[in-house]
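Just so it is clear: chains get the letters A, B, ... in the order the sequence lines come, proteins before strands, and each one is counted from 1.
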Amino acid sequence: MPELPEVETVRRTLEPVVVGQTIERCEIYYERVLPHARSSEFCGSVANRTITGVGRRGKYLIFALDRELDLVVHLRMTGQLIYQPTRELPLPKHVSARFWFLDNGELRFVDQRKFGTIYLVARDDYSEIHGLYTLGPEPLSSEFIWKVLAAGVQSMRAIKAVLLDQTKIAGLGNIYADEVLHRAGIHPLKPGCLLTESEIKILHKSIVSVLNEAIACHGTTIRDYRTGSGDTGNFQNQLQVYRQTGKPCGKCGVLIERIKAGGRSTHFCPRCQRWDPECTD
DNA sequence: CGGACAACCTGGTTGC
DNA sequence: TGCAACCAGGTTGTCC
């Protein structure tokens, strides 16, 4: 579920309410939420630590704890990280973990499909978290200039598959890869290495603008995604192609089509995103 | 290298 | 209404 805009929204909504809070204790309800630790040792390490900051890299949320520890969370498909100001009961279904704060409320990790994961590592040492360790450039950082994208895109693979590859660029998922390609007017199956310089520049602009607009809308709620306050996002109302199969394209009116690319459902406008495999361009 | 696919889970939707 | 098949925002691993 959550891609960069959703994770960034969770970060922004949690930061003001959890920074400065001390974790009194935590409880793990689904053991496999901790791929690298047992709940007993994890909870022991986390107890009595204070959260000093909330960061993000790609789709990873990183809670900085005092004494040089990082608590890293990946929400995968259906994970929700929600701050509850009061210790209310009953608990919703599918709670993977709870963190109780000394003074106020608790942080709940709710995850219907149970794919979400939590790690505890030494500050900035991500060598044990493969996906984070191998993560590509951060698209909203100042280092992400079009030439960085151009280098990442040099592949025979379909550009859609390249955009989903977190080692090439961090944070895009199925929704925003489709939206970005539509805005850039690029066919999702076109091999990345065949993109022209002007196409890469347009793609670069589209990535930055789509992500920023989605963040401004607090992300896209298809079903499960919630902000750190438990609210839905709004960008689902702005989607141009994702899950819009059979609806008219907002630019040209031609009906949106759905295909498979990179093993995922892919939505595009056959007029705005043309590519002829026989043509050299 | 890349592509296809299964696995990890639960639950909603679709079609018969 | 019942039930099976298929689908889902992500990532990892295996096999070819």
Side-chain angles (χ1 to χ4, degrees), chain A residues 1-10 28-36 56-61 72-81 92-97 109-119 126-136 152-181 188-194 210-211 214-215 217-227 232-246 258-267:
Chain A
M1 143 186 67
E3 306 179 29
L4 188 153
E6 289 74 37
V7 179
E8 176 61 20
T9 300
V10 172
I28 303 299
Y29 297 84
Y30 181 64
E31 197 69 24
R32 292 165 78 167
V33 76
L34 307 171
H36 295 167
R56 179 191 58 75
R57 261 290 273 148
K59 301 171 191 171
Y60 291 85
L61 268 176
V72 179
V73 178
H74 198 300
L75 303 172
R76 299 289 177 112
M77 299 283 268
T78 56
Q80 305 171 339
L81 212 42
K93 264 187 169 184
H94 313 303
V95 179
S96 287
F109 189 16
V110 183
D111 186 12
Q112 180 192 109
R113 291 179 72 179
K114 301 181 174 171
F115 293 165
T117 45
I118 304 175
Y119 309 85
Y126 304 136
S127 56
E128 289 173 25
I129 309 174
H130 180 258
L132 181 51
Y133 196 63
T134 59
L135 204 55
V153 135
Q154 296 311 315
S155 162
M156 290 294 290
R157 303 157 77 197
I159 184 61
K160 166 77 184 269
V162 176
L163 292 182
L164 291 176
D165 183 341
Q166 302 297 299
T167 69
K168 301 288 187 261
I169 173 173
L172 290 178
N174 212 30
I175 297 176
Y176 298 111
D178 282 4
E179 292 298 312
V180 157
L181 287 171
L189 293 180
K190 186 168 183 174
C193 60
L194 293 188
V210 166
L211 291 178
I215 290 171
C217 288
H218 309 302
T220 302
T221 297
I222 301 297
R223 173 174 300 155
D224 300 293
Y225 162 68
R226 297 292 183 276
T227 73
T232 62
N234 298 299
F235 197 72
Q236 62 274 15
N237 304 316
Q238 317 286 322
L239 295 176
Q240 298 297 300
V241 287
Y242 182 77
R243 288 201 173 187
Q244 307 299 308
T245 312
R258 185 169 90 147
I259 57 172
K260 281 274 185 209
R264 312 290 299 280
S265 270
T266 297
H267 315 74

Taking the [atom1] atom in each of [N] and [M], what is the distance between them to the nearest angstrom?
N: C/dG10; M: B/dC1; atom1: C1'; value: 22 Å
N: C/dC3; M: B/dC9; atom1: P; value: 25 Å
N: B/dG3; M: C/dG9; atom1: C1'; value: 22 Å
N: C/dT1; M: B/dT10; atom1: C1'; value: 23 Å

Round to a whole Å and report the spacing from [atom1] of [X] to [atom2] of [N].
X: A/Gln80; N: B/dT10; atom1: CD; atom2: C1'; answer: 13 Å
X: A/Lys260; N: C/dC6; atom1: NZ; atom2: P; answer: 12 Å
X: A/Leu4; N: C/dG9; atom1: CG; atom2: C1'; answer: 13 Å
X: A/Met77; N: C/dG9; atom1: CE; atom2: P; answer: 5 Å
X: A/Tyr176; N: C/dG9; atom1: OH; atom2: P; answer: 13 Å
X: A/Asp111; N: C/dT11; atom1: CG; atom2: P; answer: 13 Å
X: A/Gln236; N: C/dA8; atom1: CD; atom2: P; answer: 18 Å
X: A/Arg32; N: C/dG10; atom1: CZ; atom2: P; answer: 20 Å

Closer than 3.5 angstrom, by distance alone: can the side chain of [X] be matched with the main-chain N or O of [Y] as a donor-acceptor pair?
X: A/Gln154; Y: A/Gly192; result: no
X: A/Gln80; Y: A/Val110; result: no
X: A/Gln166; Y: A/Leu172; result: yes

| Residues forming a salt bridge (Lys or Arg N to Asp or Glu O under 4.0 Å) with A/Arg56, sequence neighbours excluded | A/Glu8, A/Glu138
| task | May I ask you to say what A/Tyr242 touches in the nucleic acid, namely base, sugar-phosphate or nothing, with a heavy-atom cut-off under 4.0 Å? | result |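 Sugar-phosphate contact only.
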| task | Would you mind classifying the nucleic acid contact of A/Tyr30 as base, sugar-phosphate or nothing, using non-hydrogen atoms under 4.0 angstrom? | result | sugar-phosphate
With the criterion being N/O to N/O and under 3.5 Å, what pairs connect the protein with nucleotides 2-7 of chain B, and how long is each?
from  : atom 1 : to       : atom 2 : distance (Å)
B/dG2 : OP1    : A/Ser155 : OG     : 3.1

| request: Evaluate side chain to side chain contact (heavy atoms under 4.5 Å, CB included) for A/Leu34 paired with A/Ile28, printing each intermediate quantity in order. | output: CA-CA 9 Å; A/Leu34 307 171; A/Ile28 303 299; 3.9 Å; yes
Show which side-chain atoms of residues 127-135 of chain A pair as donor or acceptor with protein atoms under 3.5 Å away, not counting sequence neighbours.
from     : atom 1 : to       : atom 2 : distance (Å)
A/Ser127 : OG     : A/Asp125 : OD1    : 2.8
A/Thr134 : OG1    : A/His130 : O      : 3.0

| message | I'd like to check, for A/Phe115, whether its ring lies over the base of C/dG10 with centroids under 5.5 Å apart and a plane angle smaller than 30°. | response | yes
| query | For the residue pair A/Arg57 and A/Ala170, what are the closest heavy atoms and their distance? | reply | NH1-CB, 4.2 Å
| task | Under the side chain to side chain donor-acceptor pair (under 3.5 Å) rule, collect the residues that match up with A/Arg264, sequence neighbours excluded. | result | none
| field | Which residues share a side chain to side chain donor-acceptor pair (under 3.5 Å) with A/Tyr176, sequence neighbours left out | value |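 Checked A/Tyr176 against side chain to side chain donor-acceptor pair (under 3.5 Å); matches are A/Glu6, A/Thr220.
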OP1 or OP2 of [N] versus the side-chain N and O atoms of [X]: is any pair under 4.0 Å?
X: A/Gln166; N: C/dG10; answer: no
X: A/Lys59; N: C/dT11; answer: yes
X: A/Ser265; N: C/dA8; answer: yes
X: A/Arg264; N: C/dC7; answer: no
X: A/Lys114; N: B/dC8; answer: no

| Which residues satisfy the ring pair (Phe, Tyr, Trp, His ring centres under 6.0 Å) test with A/Tyr119, sequence neighbours excluded? |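 Residues passing ring pair (Phe, Tyr, Trp, His ring centres under 6.0 Å) with A/Tyr119: A/His36.
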| task | Only counting residues at least two apart or in another chain, list the ones meeting ring pair (Phe, Tyr, Trp, His ring centres under 6.0 Å) with A/His74. | result |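 Only A/Tyr60 meet the ring pair (Phe, Tyr, Trp, His ring centres under 6.0 Å) criterion with A/His74.
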| What residue pairs, at least two apart or across chains, pass salt bridge (charged side-chain N to carboxylate O under 4.0 Å, His left out) with a residue in residues 169-179 of chain A? |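 For residues 169-179 of chain A: A/Lys160-A/Asp178.
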| task | Measure the CD1-CD distance between A/Ile222 and A/Gln236 for me, rounded to the nearest 0.5 Å. | result |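 Rounded to the nearest 0.5 Å, the CD1-CD separation comes to 6.5 Å.
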| Those residues that, when tested against A/Arg32, pass side-chain contact (heavy atoms from CB on, under 4.5 Å) (two or more places apart) | A/Tyr30
At a cut-off of 3.5 Å, list every protein nitrogen or oxygen paired with a nitrogen or oxygen from nucleotides 12-15 of chain C, distance to 0.1 Å.
from   : atom 1 : to       : atom 2 : distance (Å)
C/dT12 : OP1    : A/Gly131 : N      : 3.1

| request: Using both pair distances under 3.5 Å as the test, note the stems of at least 3 consecutive Watson-Crick or G-U pairs that include DNA chain C. | output: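 Paired runs of 3+ in DNA chain C: B:2-8 with C:10-16, B:10-16 with C:2-8.
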Distances under 3.5 Å only, N/O to N/O: pair up the protein atoms with those of nucleotides 11-14 of chain B.
from   : atom 1 : to       : atom 2 : distance (Å)
B/dG11 : OP1    : A/His94  : NE2    : 2.8
B/dG11 : O4'    : A/Gln112 : OE1    : 3.2

| field | Side chains of A/Ile159 and A/Val153 in contact at under 4.5 Å (non-hydrogen atoms) | value |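 The answer is yes, as the side chains (C-beta and beyond) meet within the 4.5 Å cut-off.
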